[in-house]
Amino acid sequence: MKEKNHSFKIKDILLLLGMILPLAAGIVIKVLTTPASDGIEITGARIFFRLKLPVQDLLITESQVNSWLVMISILFLCLFLTHGLKEKAEKKRQLIAEWIVEKTDDLVQKNMGSYFAGFSPFIGAMLALSAFSSLQSLLGLFPPTSDLNIVAGWALLVFLLISYYKMKCGPLHYLKSFTEPVSFLTPLNVISEIATPISMAFRHYGNVMSGAVVSTLVASALQGLSLLLLRWLPGALAKFPLFQIGLPAVLSIYFDLFSGCLQAFIFAMLTMLYISGSFSPDEYNAYKARKKRTVTQAKGGC
Amino acid sequence: MLELSLGIILGCCALGAGAAMIAGIGPGIGEGNAVAKACEAIGRQPESKSEVTTTMLMGCAIAETTGLYALVIAILLIFVAPGRLVNILMNTLGK
(Lines give C-alpha, C1' and ligand atoms only; values in the text may rest on other atoms or scores of the structure.)
Protein backbone atom coordinates (compact mmCIF):
# COMPACT_ATOMS: atom_id res chain seq x y z
CA MET A 1 0.00 0.00 0.00
CA LYS A 2 2.78 2.37 0.97
CA GLU A 3 4.76 1.40 -2.11
CA LYS A 4 1.78 2.29 -4.27
CA ASN A 5 1.35 5.64 -2.54
CA HIS A 6 5.01 6.39 -3.24
CA SER A 7 4.77 5.70 -6.97
CA PHE A 8 1.55 7.71 -7.13
CA LYS A 9 3.35 10.73 -5.73
CA ILE A 10 6.28 10.33 -8.09
CA LYS A 11 3.93 10.19 -11.05
CA ASP A 12 2.17 13.28 -9.72
CA ILE A 13 5.43 15.20 -9.56
CA LEU A 14 6.35 14.07 -13.08
CA LEU A 15 3.00 15.27 -14.42
CA LEU A 16 3.42 18.63 -12.66
CA LEU A 17 6.91 18.91 -14.14
CA GLY A 18 5.50 18.14 -17.57
CA MET A 19 3.08 21.01 -17.04
CA ILE A 20 5.64 23.58 -15.94
CA LEU A 21 8.69 22.58 -18.00
CA PRO A 22 7.28 23.53 -21.45
CA LEU A 23 6.50 27.03 -20.21
CA ALA A 24 9.94 27.30 -18.60
CA ALA A 25 11.45 26.10 -21.88
CA GLY A 26 9.51 28.83 -23.66
CA ILE A 27 10.97 31.46 -21.34
CA VAL A 28 14.48 30.06 -21.82
CA ILE A 29 14.08 30.10 -25.61
CA LYS A 30 12.80 33.66 -25.44
CA VAL A 31 15.73 34.80 -23.28
CA LEU A 32 18.27 33.06 -25.51
CA THR A 33 16.94 34.26 -28.84
CA THR A 34 15.90 37.84 -28.08
CA PRO A 35 18.67 40.25 -29.04
CA ALA A 36 19.63 42.73 -26.34
CA SER A 37 18.11 46.17 -26.72
CA ASP A 38 17.55 48.97 -24.24
CA GLY A 39 14.31 50.39 -25.60
CA ILE A 40 10.82 48.92 -25.56
CA GLU A 41 9.78 47.93 -29.05
CA ILE A 42 6.87 46.31 -30.84
CA THR A 43 7.83 43.19 -32.74
CA GLY A 44 5.96 40.39 -34.39
CA ALA A 45 6.78 36.73 -33.88
CA ARG A 46 10.46 35.93 -34.24
CA ILE A 47 11.41 33.44 -36.96
CA PHE A 48 13.57 30.64 -35.58
CA PHE A 49 14.41 28.77 -38.76
CA ARG A 50 12.93 27.94 -42.14
CA LEU A 51 12.27 24.51 -43.56
CA LYS A 52 12.99 24.27 -47.24
CA LEU A 53 9.91 23.02 -49.06
CA PRO A 54 9.32 22.86 -52.83
CA VAL A 55 6.54 25.43 -53.14
CA GLN A 56 7.25 27.79 -50.28
CA ASP A 57 9.56 27.82 -47.27
CA LEU A 58 7.91 26.77 -44.04
CA LEU A 59 8.76 29.24 -41.31
CA ILE A 60 9.03 27.93 -37.77
CA THR A 61 8.15 31.00 -35.70
CA GLU A 62 7.93 31.87 -32.06
CA SER A 63 4.14 31.65 -32.16
CA GLN A 64 4.16 28.09 -33.49
CA VAL A 65 6.69 26.96 -30.90
CA ASN A 66 4.75 28.67 -28.12
CA SER A 67 1.45 27.16 -29.17
CA TRP A 68 2.98 23.68 -29.20
CA LEU A 69 4.44 24.33 -25.77
CA VAL A 70 1.08 25.44 -24.43
CA MET A 71 -0.57 22.36 -25.96
CA ILE A 72 1.90 20.08 -24.15
CA SER A 73 1.29 22.01 -20.97
CA ILE A 74 -2.49 21.65 -21.25
CA LEU A 75 -2.11 17.94 -22.00
CA PHE A 76 -0.14 17.40 -18.81
CA LEU A 77 -2.59 19.59 -16.87
CA CYS A 78 -5.44 17.32 -18.00
CA LEU A 79 -3.44 14.20 -17.13
CA PHE A 80 -2.66 15.69 -13.72
CA LEU A 81 -6.28 16.56 -13.02
CA THR A 82 -7.49 13.10 -14.00
CA HIS A 83 -4.70 11.18 -12.26
CA GLY A 84 -6.11 8.74 -9.74
CA LEU A 85 -9.80 9.10 -10.49
CA LYS A 86 -12.10 7.42 -8.01
CA GLU A 87 -15.74 6.51 -8.37
CA LYS A 88 -16.55 8.85 -5.51
CA ALA A 89 -14.64 12.11 -5.67
CA GLU A 90 -12.13 12.39 -2.83
CA LYS A 91 -9.47 14.72 -4.13
CA LYS A 92 -9.84 18.38 -4.95
CA ARG A 93 -8.44 17.88 -8.43
CA GLN A 94 -11.08 15.34 -9.32
CA LEU A 95 -13.73 17.82 -8.23
CA ILE A 96 -12.11 20.49 -10.38
CA ALA A 97 -11.97 18.16 -13.38
CA GLU A 98 -15.59 17.15 -12.91
CA TRP A 99 -16.59 20.80 -12.59
CA ILE A 100 -14.82 21.68 -15.85
CA VAL A 101 -16.39 18.80 -17.75
CA GLU A 102 -19.83 19.55 -16.34
CA LYS A 103 -19.65 23.24 -17.20
CA THR A 104 -18.46 22.56 -20.74
CA ASP A 105 -21.19 19.98 -21.30
CA ASP A 106 -23.75 22.44 -19.96
CA LEU A 107 -22.53 25.24 -22.20
CA VAL A 108 -22.61 23.05 -25.30
CA GLN A 109 -26.02 21.61 -24.46
CA LYS A 110 -27.48 25.05 -23.90
CA ASN A 111 -26.08 26.64 -27.05
CA MET A 112 -26.03 23.83 -29.58
CA GLY A 113 -28.83 21.51 -28.54
CA SER A 114 -28.66 17.82 -27.77
CA TYR A 115 -27.78 16.77 -31.34
CA PHE A 116 -24.34 18.36 -30.97
CA ALA A 117 -23.64 17.09 -27.44
CA GLY A 118 -20.57 15.31 -28.79
CA PHE A 119 -18.97 18.65 -29.54
CA SER A 120 -18.14 19.42 -25.92
CA PRO A 121 -14.54 18.03 -26.00
CA PHE A 122 -13.82 20.10 -29.11
CA ILE A 123 -15.25 23.26 -27.59
CA GLY A 124 -13.46 22.61 -24.32
CA ALA A 125 -10.16 22.10 -26.11
CA MET A 126 -10.67 25.27 -28.12
CA LEU A 127 -11.50 27.28 -25.00
CA ALA A 128 -8.49 25.96 -23.11
CA LEU A 129 -6.07 26.42 -25.99
CA SER A 130 -7.23 29.93 -26.76
CA ALA A 131 -7.35 31.07 -23.12
CA PHE A 132 -3.98 29.61 -22.17
CA SER A 133 -2.36 30.91 -25.35
CA SER A 134 -3.49 34.44 -24.52
CA LEU A 135 -2.52 34.04 -20.87
CA GLN A 136 1.03 33.14 -21.92
CA SER A 137 1.74 36.85 -22.18
CA LEU A 138 1.59 36.97 -18.37
CA LEU A 139 4.84 34.98 -18.38
CA GLY A 140 6.43 37.45 -20.77
CA LEU A 141 6.14 35.04 -23.69
CA PHE A 142 4.83 35.96 -27.12
CA PRO A 143 1.15 34.96 -27.07
CA PRO A 144 0.41 32.79 -30.14
CA THR A 145 -3.04 34.34 -30.46
CA SER A 146 -1.51 37.69 -31.39
CA ASP A 147 -0.24 36.06 -34.59
CA LEU A 148 -2.88 36.09 -37.31
CA ASN A 149 -1.68 32.79 -38.80
CA ILE A 150 -2.46 30.74 -35.70
CA VAL A 151 -5.95 32.17 -35.21
CA ALA A 152 -6.69 31.98 -38.93
CA GLY A 153 -5.89 28.26 -38.76
CA TRP A 154 -8.49 27.80 -36.04
CA ALA A 155 -11.02 29.88 -37.94
CA LEU A 156 -10.40 27.79 -41.05
CA LEU A 157 -11.09 24.65 -39.04
CA VAL A 158 -14.36 26.14 -37.85
CA PHE A 159 -15.22 27.15 -41.42
CA LEU A 160 -14.65 23.58 -42.62
CA LEU A 161 -16.92 22.29 -39.87
CA ILE A 162 -19.63 24.79 -40.79
CA SER A 163 -19.43 23.83 -44.46
CA TYR A 164 -19.50 20.15 -43.60
CA TYR A 165 -22.66 20.53 -41.57
CA LYS A 166 -24.26 22.67 -44.26
CA MET A 167 -23.51 20.02 -46.89
CA LYS A 168 -24.88 17.25 -44.75
CA CYS A 169 -28.34 17.77 -46.26
CA GLY A 170 -26.90 17.20 -49.72
CA PRO A 171 -24.65 19.41 -51.89
CA LEU A 172 -27.61 20.71 -53.89
CA HIS A 173 -29.30 21.94 -50.77
CA TYR A 174 -26.04 23.67 -49.81
CA LEU A 175 -25.78 25.42 -53.17
CA LYS A 176 -29.42 26.39 -53.05
CA SER A 177 -28.99 27.99 -49.63
CA PHE A 178 -26.90 30.70 -51.30
CA THR A 179 -29.84 31.90 -53.38
CA GLU A 180 -32.06 32.55 -50.41
CA PRO A 181 -34.10 34.61 -49.79
CA VAL A 182 -33.85 36.11 -53.32
CA SER A 183 -31.63 34.84 -56.11
CA PHE A 184 -29.94 38.15 -56.89
CA LEU A 185 -28.49 38.19 -53.37
CA THR A 186 -26.17 35.28 -54.24
CA PRO A 187 -22.93 37.31 -54.43
CA LEU A 188 -23.67 38.87 -51.06
CA ASN A 189 -24.33 35.45 -49.57
CA VAL A 190 -21.03 34.15 -50.92
CA ILE A 191 -19.21 37.15 -49.47
CA SER A 192 -20.83 36.73 -46.08
CA GLU A 193 -19.93 33.05 -46.15
CA ILE A 194 -16.28 33.88 -46.74
CA ALA A 195 -16.36 36.73 -44.24
CA THR A 196 -17.23 34.38 -41.39
CA PRO A 197 -13.77 32.85 -40.84
CA ILE A 198 -12.02 36.12 -41.68
CA SER A 199 -13.99 38.10 -39.13
CA MET A 200 -13.53 35.38 -36.51
CA ALA A 201 -9.77 35.35 -37.03
CA PHE A 202 -9.49 39.14 -37.11
CA ARG A 203 -11.61 39.54 -34.00
CA HIS A 204 -9.49 37.26 -31.88
CA TYR A 205 -6.18 38.39 -33.32
CA GLY A 206 -7.06 42.08 -33.28
CA ASN A 207 -8.11 42.09 -29.66
CA VAL A 208 -5.02 40.33 -28.35
CA MET A 209 -2.69 42.20 -30.68
CA SER A 210 -4.16 45.63 -29.92
CA GLY A 211 -3.82 44.88 -26.21
CA ALA A 212 -0.14 44.09 -26.69
CA VAL A 213 0.43 47.23 -28.79
CA VAL A 214 -1.38 49.52 -26.34
CA SER A 215 0.47 48.08 -23.32
CA THR A 216 3.79 48.49 -25.11
CA LEU A 217 3.00 52.08 -26.06
CA VAL A 218 1.93 52.94 -22.51
CA ALA A 219 5.01 51.28 -21.06
CA SER A 220 7.32 53.22 -23.35
CA ALA A 221 5.45 56.45 -22.59
CA LEU A 222 5.85 55.83 -18.87
CA GLN A 223 9.54 55.16 -19.43
CA GLY A 224 9.87 58.50 -21.20
CA LEU A 225 7.96 60.24 -18.43
CA SER A 226 10.11 58.87 -15.64
CA LEU A 227 13.29 59.70 -17.59
CA LEU A 228 11.99 63.25 -18.06
CA LEU A 229 11.14 63.79 -14.40
CA LEU A 230 14.21 62.18 -12.87
CA ARG A 231 16.76 63.60 -15.30
CA TRP A 232 18.29 65.94 -12.72
CA LEU A 233 19.18 63.10 -10.30
CA PRO A 234 22.83 62.01 -10.23
CA GLY A 235 24.16 58.75 -11.66
CA ALA A 236 22.07 55.62 -11.94
CA LEU A 237 19.19 57.20 -10.04
CA ALA A 238 18.32 59.17 -13.17
CA LYS A 239 17.32 55.92 -14.87
CA PHE A 240 15.13 54.77 -11.97
CA PRO A 241 11.89 53.41 -13.51
CA LEU A 242 9.56 55.35 -11.23
CA PHE A 243 6.34 55.15 -13.23
CA GLN A 244 6.96 51.71 -14.66
CA ILE A 245 6.44 50.06 -11.27
CA GLY A 246 2.92 48.75 -10.98
CA LEU A 247 1.14 51.06 -13.41
CA PRO A 248 1.42 48.84 -16.52
CA ALA A 249 0.08 45.97 -14.40
CA VAL A 250 -3.32 47.67 -14.23
CA LEU A 251 -3.53 47.59 -18.01
CA SER A 252 -2.28 44.04 -18.01
CA ILE A 253 -5.21 42.93 -15.85
CA TYR A 254 -7.61 44.17 -18.51
CA PHE A 255 -5.70 43.29 -21.68
CA ASP A 256 -4.10 40.01 -20.68
CA LEU A 257 -6.41 38.48 -18.11
CA PHE A 258 -9.89 39.81 -18.92
CA SER A 259 -9.61 40.30 -22.67
CA GLY A 260 -7.72 37.04 -23.23
CA CYS A 261 -10.31 34.94 -21.41
CA LEU A 262 -13.20 36.89 -22.93
CA GLN A 263 -11.91 36.40 -26.46
CA ALA A 264 -11.48 32.68 -25.85
CA PHE A 265 -15.07 32.50 -24.64
CA ILE A 266 -16.36 34.53 -27.58
CA PHE A 267 -14.44 32.43 -30.10
CA ALA A 268 -15.88 29.23 -28.62
CA MET A 269 -19.35 30.77 -28.40
CA LEU A 270 -19.31 31.90 -32.04
CA THR A 271 -18.04 28.47 -33.10
CA MET A 272 -20.98 26.86 -31.35
CA LEU A 273 -23.53 29.31 -32.73
CA TYR A 274 -22.25 29.08 -36.31
CA ILE A 275 -22.07 25.29 -36.32
CA SER A 276 -25.46 24.77 -34.73
CA GLY A 277 -26.96 27.48 -36.94
CA SER A 278 -25.73 25.79 -40.11
CA PHE A 279 -27.60 22.58 -39.46
CA SER A 280 -31.09 21.65 -38.39
CA PRO A 281 -31.72 18.05 -37.32
CA ASP A 282 -35.33 18.16 -38.56
CA GLU A 283 -34.28 19.05 -42.08
CA TYR A 284 -31.62 16.36 -42.00
CA ASN A 285 -34.14 13.74 -40.91
CA ALA A 286 -36.50 14.80 -43.69
CA TYR A 287 -33.62 14.56 -46.19
CA LYS A 288 -32.72 11.11 -44.97
CA ALA A 289 -36.32 9.94 -45.17
CA ARG A 290 -36.64 11.34 -48.72
CA LYS A 291 -33.45 9.60 -49.79
CA LYS A 292 -34.61 6.32 -48.32
CA ARG A 293 -37.90 6.61 -50.17
CA THR A 294 -36.23 7.23 -53.52
CA VAL A 295 -33.91 4.28 -52.95
CA THR A 296 -36.82 1.95 -52.17
CA GLN A 297 -38.76 3.31 -55.16
CA ALA A 298 -35.83 2.65 -57.45
CA LYS A 299 -35.57 -0.86 -56.12
CA GLY A 300 -39.31 -1.38 -56.58
CA GLY A 301 -39.05 -0.07 -60.16
CA CYS A 302 -36.48 -2.71 -60.99
CA MET B 1 14.12 63.33 -55.06
CA LEU B 2 14.62 59.99 -53.32
CA GLU B 3 14.35 61.64 -49.90
CA LEU B 4 11.13 63.33 -50.94
CA SER B 5 9.62 60.07 -52.17
CA LEU B 6 10.60 58.26 -48.99
CA GLY B 7 9.16 61.06 -46.91
CA ILE B 8 5.89 60.98 -48.82
CA ILE B 9 5.64 57.21 -48.45
CA LEU B 10 6.29 57.19 -44.70
CA GLY B 11 4.14 60.24 -44.01
CA CYS B 12 1.20 58.98 -46.06
CA CYS B 13 1.37 55.57 -44.39
CA ALA B 14 1.18 57.21 -40.96
CA LEU B 15 -1.63 59.53 -42.08
CA GLY B 16 -3.52 56.61 -43.58
CA ALA B 17 -3.19 54.61 -40.38
CA GLY B 18 -4.50 57.53 -38.39
CA ALA B 19 -7.40 58.05 -40.79
CA ALA B 20 -8.24 54.35 -40.72
CA MET B 21 -8.66 54.46 -36.98
CA ILE B 22 -11.48 57.00 -37.30
CA ALA B 23 -13.52 53.83 -37.68
CA GLY B 24 -13.08 53.41 -33.94
CA ILE B 25 -15.92 55.89 -33.44
CA GLY B 26 -18.56 53.50 -34.76
CA PRO B 27 -17.93 50.52 -32.48
CA GLY B 28 -17.48 52.94 -29.57
CA ILE B 29 -20.95 54.40 -30.00
CA GLY B 30 -22.48 51.01 -30.77
CA GLU B 31 -20.98 49.26 -27.78
CA GLY B 32 -21.89 52.16 -25.55
CA ASN B 33 -25.50 51.82 -26.66
CA ALA B 34 -25.43 48.08 -26.08
CA VAL B 35 -24.01 48.45 -22.58
CA ALA B 36 -26.49 51.20 -21.73
CA LYS B 37 -29.40 49.02 -22.76
CA ALA B 38 -27.94 46.10 -20.84
CA CYS B 39 -27.69 48.27 -17.73
CA GLU B 40 -31.32 49.27 -18.14
CA ALA B 41 -32.34 45.65 -18.56
CA ILE B 42 -30.43 44.61 -15.46
CA GLY B 43 -32.00 47.49 -13.55
CA ARG B 44 -35.46 46.27 -14.56
CA GLN B 45 -34.76 42.61 -13.97
CA PRO B 46 -31.78 42.12 -11.66
CA GLU B 47 -32.33 38.35 -11.57
CA SER B 48 -31.43 38.00 -15.26
CA LYS B 49 -28.05 39.68 -14.78
CA SER B 50 -25.83 36.81 -15.87
CA GLU B 51 -27.71 36.10 -19.08
CA VAL B 52 -27.90 39.76 -20.03
CA THR B 53 -24.18 40.17 -19.38
CA THR B 54 -23.27 37.17 -21.54
CA THR B 55 -25.44 38.31 -24.41
CA MET B 56 -24.10 41.85 -24.11
CA LEU B 57 -20.50 40.67 -24.24
CA MET B 58 -21.27 38.60 -27.34
CA GLY B 59 -22.96 41.53 -29.01
CA CYS B 60 -20.11 43.85 -28.09
CA ALA B 61 -17.60 41.42 -29.57
CA ILE B 62 -19.49 41.31 -32.83
CA ALA B 63 -20.02 45.07 -32.93
CA GLU B 64 -16.30 45.46 -32.42
CA THR B 65 -15.49 43.69 -35.67
CA THR B 66 -15.59 46.78 -37.87
CA GLY B 67 -13.24 48.57 -35.51
CA LEU B 68 -10.90 45.63 -35.62
CA TYR B 69 -10.88 45.65 -39.42
CA ALA B 70 -9.73 49.25 -39.19
CA LEU B 71 -7.14 48.28 -36.62
CA VAL B 72 -5.74 45.56 -38.86
CA ILE B 73 -5.54 48.01 -41.76
CA ALA B 74 -3.79 50.54 -39.54
CA ILE B 75 -1.29 47.97 -38.30
CA LEU B 76 -0.59 46.84 -41.86
CA LEU B 77 -0.09 50.46 -42.89
CA ILE B 78 2.37 51.10 -40.07
CA PHE B 79 4.38 47.89 -39.98
CA VAL B 80 4.08 46.28 -43.40
CA ALA B 81 3.22 48.86 -46.05
CA PRO B 82 6.25 51.21 -45.74
CA GLY B 83 8.74 48.39 -46.34
CA ARG B 84 6.85 47.10 -49.37
CA LEU B 85 6.34 50.53 -50.87
CA VAL B 86 10.00 51.44 -50.39
CA ASN B 87 10.94 48.16 -52.07
CA ILE B 88 8.71 48.99 -55.03
CA LEU B 89 10.23 52.47 -55.20
CA MET B 90 13.76 51.10 -55.16
CA ASN B 91 12.92 48.58 -57.88
CA THR B 92 11.42 51.22 -60.17
CA LEU B 93 14.34 53.56 -59.57
CA GLY B 94 16.82 50.77 -60.19
CA LYS B 95 15.38 50.16 -63.67
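When reading the values below, keep in mind they use all heavy atoms of this one structure, side chains included, and skip hydrogens, waters and symmetry mates. Here the structure is a predicted model, which means the values were calculated and not measured. Each chain gets a letter, A, B and so on, in the order the sequences are listed, and its residues count up from 1.
- Taking CG of B/Leu68 as the start and OG of A/Ser210 as the end, the distance is 6.5 Å to the nearest 0.5 Å.
- Here A/Asn207 contributes atom CG and B/Glu64 contributes atom CD; the two are 4.5 Å apart, rounded to the nearest 0.5 Å.
- Proximity to chain B is absent for every atom of A/Leu148, based on heavy atoms less than 4.5 angstrom apart.
- Inter-residue side-chain proximity for A/Phe265 and B/Leu57 is flagged as unmet; no heavy-atom pair is nearer than 4.5 Å.
- By number of non-hydrogen pairs under 4.5 angstrom with chain B, the leading residue of A/Arg203, A/Met209, A/Met200 is A/Arg203.
- Heavy atoms from other residues, nucleotides or ligands lying under 6.0 Å from CD of B/Glu51 number 12 at most.
- Other residues, nucleotides and ligands place no more than 12 heavy atoms under 6.0 Å from the OH atom of A/Tyr164.
- Other residues, nucleotides and ligands contribute more than 12 heavy atoms inside 6.0 Å of the CD atom of B/Glu47.
- Remark: of the listed residues B/Leu71, B/Val72, B/Thr65, B/Val72 is the sole one forming a side chain to side chain contact (heavy atoms under 4.5 Å, CB included) with A/Phe202.
- The CG atom of A/Leu270 sits 5.0 Å away from atom CD1 of B/Ile62, with the distance rounded to the nearest 0.5 Å.
- With a 4.5 angstrom heavy-atom cutoff, B/Ile75 touches chain A only via side-chain atoms.
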